[in-house]
Amino acid sequence: MKIKNFFYKYSIILFIGFVSFLIVSFPFQYTQDKMNNVSQPVRWLGALLFFLICFFIIRCKEQIGKIFDKKSLFVIMLALIVLLQLSTIFVFKIQPVNDLLYLHDEAIRMLRSPHVSLQRFHGYFGKYPNNYGHLMLLYCYYKTLSFFGISTKYFVIAGNVLNLCMIDLGIVCGYVTLRYLKNIRLSNLWMILFLLNPWTYFWIFYYYTHTVSFGIMMALFLLFVFTWKERDNYKGMIYGILLGIVIYAGMKIRITNLILCMAVLITVFFFWKKEKVKIKQFSLIFAVLCGVILLAVGYQYKAKNMFPKENQQEFPATHWLMMASHGVGRYDSEDVRFTTELPTQEAKKEMTVQRMKENYKELGVKGSLRLFGTKLRSVWLVGDDDFTKMTYVSSDYRHVNEYLNGKYNGWILMYSYLARFILLCCCLISAVKLIRKKDKWVYVAMLSILGGMVFHIFWEANPKYSICFMGMMTFVMLFGIESISQFDFKESGLLQKKIYQFI
């Protein structure tokens, strides 16, 4: 029992350490000379307005709280979110770029080919087979649209609509989870947070594995909650089947979805006796879950002719570990050239591992820690998640795009940074509370974020990698907000009384 408590508290303390580092780093990033060309007046005026709004919300929390008790608020918020999302699609008309462009073009090529096979892949897909899952999803989606007579010239917008559905699937799953676990007030607050989250709108255009993974991860979270709470064997088996399907699909789309599964298993270990889980029922559900995954893997093996055999172009996982071991830990074209020129898979693995070791040896302990800090900030602190670099406009360019990715985008960037800062602060408060008062589902979400942070400390860093965990971060954030709303300023000492009166 002492060992369990030690690891439980240690994981929370580690999370608090990472989040505290990000919060302390924020003022230095916010005040630096070059912050995506956001002017100093916009930064400080925007920050002032932002925090004045926060103080107003705290001051009027009781009056505002009554609004969140209405059941109809969910429908209103979801309708507003979808309306704004559709508006961004048809107003900004963003085109596919980089990896997404390759996926889009290859899916259309497969659609036009009489024989679908991944054996012919070369270049991008020869090197990055981790995108096969998302490519097949996109191909099946385009195939369905083509069956109904929709022209390929509309497939960019259709891809945006698919991404919109995956994002909103995650939002709805989070709402249902909170309604099931907590209360309508927190679930409605969840909807408000995503209505105000700039990420909800500005990543619709980039229908890649990160946004799809967000929807899958929240669906997994909901299914895990239902499975844990269910006491009927028949329903438990149904949840086990659904879990197996979603886990396998999530694993093929993006491997980081397994981090949530690992977090749930660790939490089961911690809370096993306290929750009095029925061993027979748990074993039955687990057996069904494993059976579904094995069937899916078996089917993939049977259909292996579709996939390249002995692909010597394929980049091993060590390639990304190598890229993460120097510079700022991000994509490096020289590293890509280095791995590409190696003739065999064995040579690629051996030489990338060797170069990775050399990089860390050259950095030393201090340099490695500095690199880890840089990657931690790059993935989790940058509030815009690099969406400005992924928003290439269409040929019928509109002036409104200047406010998204032009000379007038300072306000939206500043808002994105401040929103992420508030999110981190609330996550910190939630984690501190979690030490004193255990909550298994907040702990699962927190452990998932921690797993993502540790993973991307050693993996290639990219701001958009945090998108997968946006639901988990917002879930943890909610309980930080709940802690603030339950705090009684009037009865917490003289200083708190003065702050309360000032607000």
R420 meets the salt bridge (charged side-chain N to carboxylate O under 4.0 Å, His left out) criterion, sequence neighbours left out, with D385
Please confirm whether the backbone N or O of I171 pairs with a side-chain atom of W190, one donor and one acceptor, at under 3.5 Å? yes
Would a line drawn from the ring center of W380 to the ring center of F469 be shorter than 6.0 Å? yes
Mind checking whether F224 and W228 have ring centres under 6.0 Å apart? no
Please confirm whether the backbone N or O of M470 pairs with a side-chain atom of T474, one donor and one acceptor, at under 3.5 Å? yes
If we ignore angles and hydrogens, is there a donor and acceptor under 3.5 Å between the side chains of S213 and R254? no
Ignoring hydrogens, what is the shortest heavy-atom contact between V161 and Y141? Give both atom names and the distance. CB-OH, 4.3 Å
Taking the six-membered ring for Trp, are W199 and F214 ring centroids under 6.0 Å apart? yes
Are the side chains of L137 and K252 in touch, meaning some heavy atoms are under 4.5 Å apart? no
Would you name the heavy atoms of M218 and G471 that are closest together and state the gap between them? SD-CA, 3.6 Å
Taking the six-membered ring of Y8 as reference, does the cationic atom of K438 (NZ for Lys, CZ for Arg) lie under 6.0 Å from its centre and within 45° of its axis? yes
Verdict with supporting geometry, I422 and M477, side-chain contact (heavy atoms from CB on, under 4.5 Å): CA-CA 9 Å; I422 294 295; M477 176 191 185; 4.1 Å; yes
Quick one about D168 and Q85 (side-chain donor to acceptor, distance below 3.5 Å, no hydrogens or angles considered), yes or no? yes
We want to know whether Y208 and N131 form a side-chain donor-acceptor pair, criterion being a heavy-atom distance below 3.5 angstrom. yes
Pair F458 and F372, ring centroids less than 6.0 Å apart: yes
Can any side-chain N or O of T200 pair as donor or acceptor with the backbone N or O of F194 at less than 3.5 Å? yes
Polar side chain donor-acceptor pair, Y180 to S187, under 3.5 angstrom: no
Does a side-chain heavy-atom distance below 4.5 Å link E460 with L321? no
